[in-house]
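Small disclaimer: the values here were computed from a predicted structure and weren't measured. Protein chains get the first letters and strands the later ones, always in sequence-line order, with residue 1 at the start of each.
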Amino acid sequence: MGDIFNFRRLLRTPSLAIAALITLLPSIARAQEEAMGIDEKINELISPVSNVIVSVIFYSVPLGDTAFPLIVGWLVIAATVFTLYFGFIQFRYFGHAISLVKGDYSNPDDAGEVSHFQALATALSGTVGLGNIAGVAVAVSIGGAGATFWMILAGLLGMASKFTECTLGVKFRNEYGDGTVSGGPMYYLEKGFALKNMAGLGKGLGVFFAVCCIGGAVGGGNMFQANQSFQQFVNVTGGETSFFADKGWLFGIVMALIVGVVIIGGIKSIARVTEKVVPFMAVIYVGAALVIIVMNYDMVGWAFGQIFSGAFTGEGVAGGVIGALIQGFKRAAFSNEAGIGSASIAHSAVRTKEPITEGFVSLLEPFIDTVVICTMTALVIIITGKLGSDLTGVALTSSAFESAFAWFPYVLAIAVILFAFSTMISWSYYGLKAWTYLVGEDKKMELIFKLVFCLFVVLGASMSLGPVIDFSDSMIFAMAIPNIIGLYVLMPFVKAELEQYTAKLASGEIRKFKHT
Amino acid sequence: MSNVFIVGYDGTKDGRRALDFALERAKSQNAEVHIVYVLEWSPYSFLTPEELEQRHARRKEEVELASTQIMSPLLKELEGAGIKVEGVIRYGKIPEVICEVAKKAGAMQIIVGRNGGSDIAARVFGSVPGTLVQISPVPVTVVP
């Protein structure tokens, strides 16, 4: 291979890199096809390692008659602490957050910089996705209707976690001479802890976070997305009999090429087209859910009754109330990523005089993602009476919508693929930022990460990857360990920011700009 | 009302016609000319995370390009014309920004060119002169 192209030159030229990707990918896929046992080999190789990691991250204690994963409690307790510490900031400043997004407080002279709306939209495109469609279905199929209640509660509490981490992300970011910025948990862990005379610990946690973030990006932010969107694609193209049923590699190559063209080739137009379609798909999805809910308006009261009674009785659910609670909390965290630290990376790129404004804006994300969209999915599944069926995941959601609109599975397939794509683009960036934190800001190293990221798209789509998925899921949750330690230690900084900001608001120093 | 003419300039020959028209009138009326160059920008467009990060640097580049490539040479050329000329580079929706600048300067009128297009796109989405005529706080002259 080394004779065919010069690796150094390749690293300098994105177009060559893409060409190389095109040459490389089919050969990988061919190798996969020839050796069908490769899935098992990879699984065998990764299983022992991932099993250890999974059992550590998802270490569970018996609670009632079910096992409660401590990491879920870790996230929810943190969200509760931040909610109390900031005096229910998510409710008190909800209106202010919307004003910020509307641009009421934006100085017209700053036009051309990233707006609060853009930051919110970009961060949302990384979180709204399969978690809202497939994750909710998993939650209610295992945890019953009552899981929805706990999901909503976790979403509301999670708003405070997002607020904290995104404010810190902006406050402690690195700014470079060329005007670009790098921020996120690894930077606030390092710089914030140094201010608290814990530089060593901060650096250690920062590195730990970055490693987990790369794992999360390649796993949950990539392979899982590729795998699940391929599944739905096969479902609508004929299931078992589909031409594509055993051609995950082909789907993966196409997806990898498109991802590669965007993240390596810098062809932003593709990303832009997709990202224009993604909000549209979200609107169709929420719109369809609303129509189903309105058509069955007489059942909405009953559905909420099911949600509330299920939440406190845990009727017919394995593990009772605790079982419902675990499912609700777990899926909410998966979906909105509050406390995980990922959104902080996206928000820290925004140029703002007041770091806390990004915190305010970001607290809308768990609300939109979990309280609104996830609840819609749950309501549709409950109202259409599909909850009792033996389906789960994206198939359950699909059949619930199908019972109202026969054509919906096709729309859902397109939505899932687009959501997966936009999540991949976002996570490739999160992973890249973690990677450059470890190896330094270097164009060649960046390109290596991007190439590896594309290869994992193919692997994700072509493998049946139980242990790999477990591994990547636990990596995403593992990010919450260093991140939340950091949030606890650094939350006084956020409080100071909040106090000086509210003082400025009260004094009129920060006020709405009159839009004419 | 101060004696200020606002000219929407986009670097094309249509914009130039509007500018020349304005200069001519300004000279006879002893008025100032403010040339407005607008970089089209919507705070609601979508950016990828990477674009988010680079936005500030891009913005600097864009303003600098607009300044060195378009505005500065133009102002230099008009230096000896005996008319007070000012250049403004702004981000936003073209008609809205032109109106804002006009209002702020207390301008007498707005002068813009037109590209003469009557294509379907202009019919559906509207054109800058068309929108200006609808929303401007002061009289608008469209130079053919």
| query | Do A/H96 and A/Y105 come within less than 4.5 Å of each other through their side chains, counting heavy atoms only? | reply | yes
| field | Residue part contacting chain A, namely of B/L52, when any heavy atom lies under 4.5 Å | value | both
| message | If you count heavy-atom pairs within less than 4.5 Å of chain A, which of B/E62, B/E61, B/R59, B/K60 leads? | response | B/R59
| task | Indicate yes or no: does A/K102 engage A/D104 in a salt bridge with an N to O separation below 4.0 Å. | result | yes
| message | We want to know whether B/E64 and B/S67 form a side-chain donor-acceptor pair, criterion being a heavy-atom distance below 3.5 angstrom. | response | no
| request: With a 4.5 Å cut-off on heavy-atom pairs, point out which of A/V101, A/I263, A/D110 contacts chain B the most. | output: A/D110
| Would you say B/T131 and B/I94 make side-chain contact, with heavy atoms under 4.5 Å? | no
| said: If you define the side chain from C-beta out and look only at heavy atoms, does anything of A/E354 sit under 4.5 Å from A/K171? | reply: no
| query | Of all of B/A57, B/G92, B/P137, B/S45, which one pairs up most often with chain A through heavy atoms under 4.5 Å apart? | reply | B/S45
| query | What option among A/G126, A/A123, A/G112 has the most heavy-atom pairs under 4.5 Å with chain B? | reply | A/G112
